[in-house]
Number of protein chains: 2
Amino acid sequence: MMKLTIREIAEAAGVSKATVSRVINDSDAVSEETRKKVLEIIKETNFKPSSVARSLSMKKSHLIGIILPDLSNPVFSKIIAGAESYIRNKDYSLLITATDFDIDMKIKHINIMKDKGVDGLILVTDHGSEEFQKTLIEFEKPIIMIGSDSSLPYIPTIKIDNYKASQDATQYLIDLGHKNIAMIRGPLSDYHSGKQRFLGYRDKLNCYGYYSERLVEEGWYTFDDGYSAMEALIKKGNLPTAIFCASDLLAIGAIKCCIEHGINVPDDISFVGFDDVDIARMYNPSLTTIRQPFEEQGDLAIRIMIDMIENKNSIPNDEDSKFTTSMKYKLVIRESTKNIK
Amino acid sequence: MMKLTIREIAEAAGVSKATVSRVINDSDAVSEETRKKVLEIIKETNFKPSSVARSLSMKKSHLIGIILPDLSNPVFSKIIAGAESYIRNKDYSLLITATDFDIDMKIKHINIMKDKGVDGLILVTDHGSEEFQKTLIEFEKPIIMIGSDSSLPYIPTIKIDNYKASQDATQYLIDLGHKNIAMIRGPLSDYHSGKQRFLGYRDKLNCYGYYSERLVEEGWYTFDDGYSAMEALIKKGNLPTAIFCASDLLAIGAIKCCIEHGINVPDDISFVGFDDVDIARMYNPSLTTIRQPFEEQGDLAIRIMIDMIENKNSIPNDEDSKFTTSMKYKLVIRESTKNIK
DNA sequence: GTGAAAGCGCTAACAT
DNA sequence: ATGTTAGCGCTTTCAC
């Protein structure tokens with residue numbers, strides 16, 4: 001059975017291709033009679049217009065690209081899940097690529113997305129190099145960033161206030177009576193999740209005069225790095241009574257290390273994570289953490305994107321309309337923290 | 001700056017569009033001289049041919065669709081990650097949709113994929129209804145199934161032997177001296193992960209005369225269902241000394257429930273999970289489980305798919321070439337199981 | 001209200 | 001080796 005085209009439908013209905021097209025798109029007045037007839041034939045034959053041909057003709061692919069570092073990390077797969085579940089009922093599809101935090105890879109794939117004709121691009125990434133900026137500028141279609149900003153004023157950004165969230169987490173630990181509070185941070189080169197979360201912690205401790213460089217370890221947000229960082233902390237001796245971690249995985253890795261060393265959580269050490277991935281509530285002990293609304297971020301990004309694509313006017317183009325959506329985070333208190341007053 | 005087309009390149013190079021096309025695709029002999037010239041202009045202008053136009057003309061989109069139930073479940077996001085990381089260096093992209101285990105949704109999205117012109121489709125799902133089968137038959141492009149088969153002989157399938165894996169897991173528990181072994185299974189309507197895993201367990205217990213219906217609870221592979229199932233088991237009284245679970249999440253939910261009830265794992269009850277998602281090794285206690293090679297499955301699916309797309313001859317078309325790849329699973333022993341002999 | 005024709009950007013015969 | 005021409009399947013003026 002050959003693939004049907006609009007031509008066959010037109011013939012079968014005894015009208016022109018143009019008319020069929022009008023019916024399909026509701027684009028122009030068509031007499032009720034012919035519309036009925038055409039519609040009927042379309043149902044009967046189960047005809048579906050080729051989106052490829054349509055894309056070429058309309059210069060719109062109904063594809064939205066999304067580029068993120070890593071699909072097997074729950075942090076990112078949640079964002080995708082949020083985006084996907086909203087788009088599913090819309091007339092768009094998602095083209096997804098992971099790029100391993102590699103900036104050149106990112107640039108390459110932004111270009112691939114462009115070739116594929118995506119109508120818009122969602123970037124989950126840090127802002128990166130100058131060449132990266134250049135690629136963004138030349139993209140010429142709507143872009144949205146999640147978790148980071150681009151320094152390009154016309155690119156909407158969705159994120160949370162990492163600095164403030166970290167201050168809140170730290171304050172919570174202080175309120176619980178902790179003074180010797182360590183942090184396992186992310187790399188400072190990672191501006192939002194690394195540097196800002198660290199600064200929030202440091203500045204807050206400084207308010208109380210508790211801060212010391214000795215208290216800080218660093219890792220790449222992973223379980224294994226959390227484990228190693230904790231080993232380092234143990235080796236240093238003079239254990240803290242609480243540890244704030246830049247990610248849940250870091251926290252869980254560190255907790256696992258503690259347990260294997262006979263250190264009780266939260267009796268000996270309290271832990272606060274960051275993200276609230278699924279594991280946080282499942283863990284034993286369950287993890288006190290900062291909840292980031294990942295799925296909502298993905299969902300919102302798609303909403304804004306579709307709006308930008310369909311009402312071009314809504315693309316912010318002057319300085320004051322630069323819009324950054326700062327989403328609400330929330331400190332979720334569970335079993336891993338203890339009041340020691 | 002207008003979007004460049006092959007036409008501008010041709011003019012700039014003083015040749016015809018056809019020649020430019022030849023250069024781009026290495027499709028036909030072109031004199032070294034003109035090739036150089038064209039290539040140069042392409043570099044200079046940073047020209048990229050439109051894949052949409054190309055798709056229309058060649059009837060090949062270089063898009064591979066993948067449909068799965070849920071993106072936020074680590075089981076599925078690992079498969080995607082595997083597929084994506086292989087495809088990334090190939091000249092293909094991935095169109096991803098999640099469908100919530102809803103069969104009608106699946107059918108709808110298979111059709112959407114078809115409209116979008118994907119060159120092939122990877123399905124992570126159970127085989128489903130007759131209408132579903134019909135949709136597959138009418139798809140007319142390569143399809144591959146992961147984790148399940150289709151009953152259509154020409155559709156390659158990638159999976160593990162769930163029945164045997166469950167027997168192995170159960171045997172392991174028996175070897176450890178356990179006789180009173182419960183199971184938290186998935187729904188029997190789910191043929192592979194539900195029914196087969198259960199049968200492997202039941203048949204193995206029957207070999208020893210240990211089986212009893214009282215030992216079985218059921219849930220949807222989630223943490224919360226595991227927790228509830230464990231509560232039910234506790235309510236029944238006469239606790240088993242070991243529990244085999246149809247998923248890691250089920251196991252972890254049950255373990256969490258035990259801990260909250262003061263039941264020690266593994267001293268009082270041993271647990272074996274299924275999947276080996278990341279959480280399994282991170283958990284406290286870490287979980288003994290059957291490892292499924294998710295990323296390898298995704299990777300392999302893409303390899304086979306690209307091969308099918310590019311060498312059509314390799315599509316199996318006779319009965320004996322029906323090919324099911326049964327991947328190796330592995331029992332990974334960790335802290336959640338205890339020898340009680 | 002409807003049809004004819006041009007065109008979206010590319011590839012693929014067919015000529016030369 | 002290269003140019004010419006005719007599509008791929010759809011949308012969109014522009015006539016009628």
Side-chain angles (χ1 to χ4, degrees), chain A residues 1-39 41-42 45-63 91 114-119 140-141 310, chain B residues 1-39 41-42 45-63 91 114-119 140-141 310:
Chain A
M1 176 208 319
M2 258 312 287
K3 178 90 177 89
L4 290 174
T5 76
I6 202 174
R7 195 162 183 282
E8 279 82 56
I9 305 301
E11 282 170 3
V15 297
S16 71
K17 297 191 305 176
T19 301
V20 176
S21 174
R22 287 180 185 115
V23 172
I24 294 175
N25 300 295
D26 263 337
S27 53
D28 213 341
V30 174
S31 81
E32 199 46 41
E33 194 181 0
T34 46
R35 137 174 273 96
K36 277 244 161 67
K37 177 146 198 178
V38 170
L39 246 24
I41 306 229
I42 290 184
T45 56
N46 193 29
F47 166 76
K48 297 277 170 32
S50 145
S51 6
V52 176
R54 174 176 261 198
S55 297
L56 180 58
S57 179
M58 307 205 303
K59 289 152 163 300
K60 256 184 106 275
S61 63
H62 278 224
L63 248 34
D91 191 20
K114 193 174 177 183
D115 307 341
K116 292 274 179 188
V118 297
D119 295 336
E140 290 166 339
K141 292 208 170 135
E310 297 186 345
Chain B
M1 177 207 318
M2 257 312 286
K3 179 90 176 90
L4 290 174
T5 76
I6 203 175
R7 192 161 184 282
E8 278 83 57
I9 305 300
E11 281 170 4
V15 297
S16 71
K17 295 191 308 176
T19 302
V20 176
S21 174
R22 287 178 186 115
V23 171
I24 294 174
N25 300 295
D26 263 338
S27 54
D28 213 343
V30 175
S31 82
E32 199 46 42
E33 194 181 1
T34 46
R35 138 174 272 97
K36 276 245 162 67
K37 177 147 195 178
V38 170
L39 245 25
I41 306 226
I42 290 183
T45 55
N46 192 29
F47 165 75
K48 296 276 172 31
S50 144
S51 12
V52 176
R54 171 176 264 198
S55 297
L56 181 59
S57 178
M58 307 205 301
K59 290 151 165 297
K60 257 184 104 277
S61 63
H62 277 225
L63 247 35
D91 190 19
K114 193 174 176 184
D115 307 340
K116 293 274 179 188
V118 297
D119 295 336
E140 291 164 337
K141 293 207 170 139
E310 297 186 346

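A, B, ... follow the sequence lines: proteins, then strands. Residue 1 opens every chain. No hydrogens, no waters, no symmetry mates; every other heavy atom, side chains included, goes into these values. Just so you know, these numbers come straight off a predicted model, no measurement behind them.
- Heavy atoms of Gly14(B) sit under 4.0 angstrom from primed sugar atoms or phosphate atoms, though from no base atom.
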Close N or O pairs between protein and nucleotides 4-8 of chain D (under 3.5 Å):
from	atom 1	to	atom 2	distance (Å)
dG7(D)	N2	Ser57(B)	OG	3.4
dC8(D)	O2	Ser57(B)	N	3.4

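- Every residue two or more places apart in sequence or in another chain that forms a side chain to side chain donor-acceptor pair (under 3.5 Å) with Ser61(A) is listed here: Asp119(A).
- Thr5(A) is linked by a side chain to side chain donor-acceptor pair (under 3.5 Å) to Glu8(A), counting only residues two or more places apart in sequence or in another chain.
- Taking the C1' atoms of five terminal pairs at each end of the helix from dG1(C)-dC16(D) to dT16(C)-dA1(D), the two resulting helix axes are inclined by 40°, rounded to 10°.
- We find that CZ of Arg7(A) is positioned 14 Å from C1' of dG3(C), with the value rounded to whole Å.
- Atoms CZ (Arg54(B)) and C1' (dT11(C)) sit 9 Å apart, rounded to a whole Å.
- Taking atom NZ of Lys37(A) as the reference point, atom P of dG1(C) lies 19 Å away to the nearest angstrom.
- Residue-level contact check: Thr34(A) touches the backbone only, with heavy atoms under 4.0 Å from sugar-phosphate atoms and none from bases.
- For Leu56(A), the side-chain contact (heavy atoms from CB on, under 4.5 Å) partners at least two apart in sequence or on another chain are Val52(B), Ala53(B), Leu56(B).
- Whole-Å rounding puts the Lys60(A) NZ to dT12(D) P distance at 11 Å.
- What separates CD1 of Ile6(B) from C1' of dG7(C) is a distance of 16 Å, to the nearest Å.
- Annotation: side-chain contact (heavy atoms from CB on, under 4.5 Å) contacts of Ala13(A) (sequence neighbours excluded): Val15(A), Lys37(A), Val38(A), Ile41(A).
- Listed by chain and number, the residues in a side chain to side chain donor-acceptor pair (under 3.5 Å) with Ser31(A) are Thr34(A) (sequence neighbours excluded).
- Looking at residues two or more places apart in sequence or on another chain, you find a side-chain contact (heavy atoms from CB on, under 4.5 Å) between Asp115(A) and Lys48(B), Ser51(B).
- Applying the salt bridge (charged side-chain N to carboxylate O under 4.0 Å, His left out) rule to pairs touching residues 13-25 of chain B yields Arg22(B)-Asp28(B), sequence neighbours excluded.
- Across all strands shown, Ser50(B) has heavy atoms under 4.0 Å from sugar-phosphate atoms exclusively, and none from any base.
- Counting all heavy atoms, side chain and backbone alike, Asp91(B) lies closest to Lys116(A) at O-NZ, 4.5 Å.
- For Lys36(A), there are no side chain to side chain donor-acceptor pair (under 3.5 Å) partners two or more places apart in sequence or in a different chain.
- As a whole-Å value, the separation of Glu11(A) CD from dG3(C) C1' is 14 Å.
- Here the C1' atom of nucleotide dC10(D) and the CG atom of Leu4(A) are 14 Å apart, to the nearest Å.
- Contacts of Val15(A) with the nucleic acid, taken as non-hydrogen atoms under 4.0 Å apart, involve only primed sugar atoms and P, OP1 or OP2.
- Listed by residue number, the members of residues 23-33 of chain B with any heavy atom below 4.0 angstrom from DNA chain C are Asn25(B).
- Applying the side-chain contact (heavy atoms from CB on, under 4.5 Å) criterion to Glu11(A), with sequence neighbours excluded, gives Arg7(A).
- The separation between His62(A) atom NE2 and dC10(D) atom P is 15 Å, rounded to whole Å.
- Residues Phe47(B) and Ile24(B) come closest through the heavy atom pair CE2-CD1, 3.7 Å.
- To the nearest 0.5 angstrom, Ile6(A) atom CD1 is 9.5 Å from Thr19(A) atom OG1.
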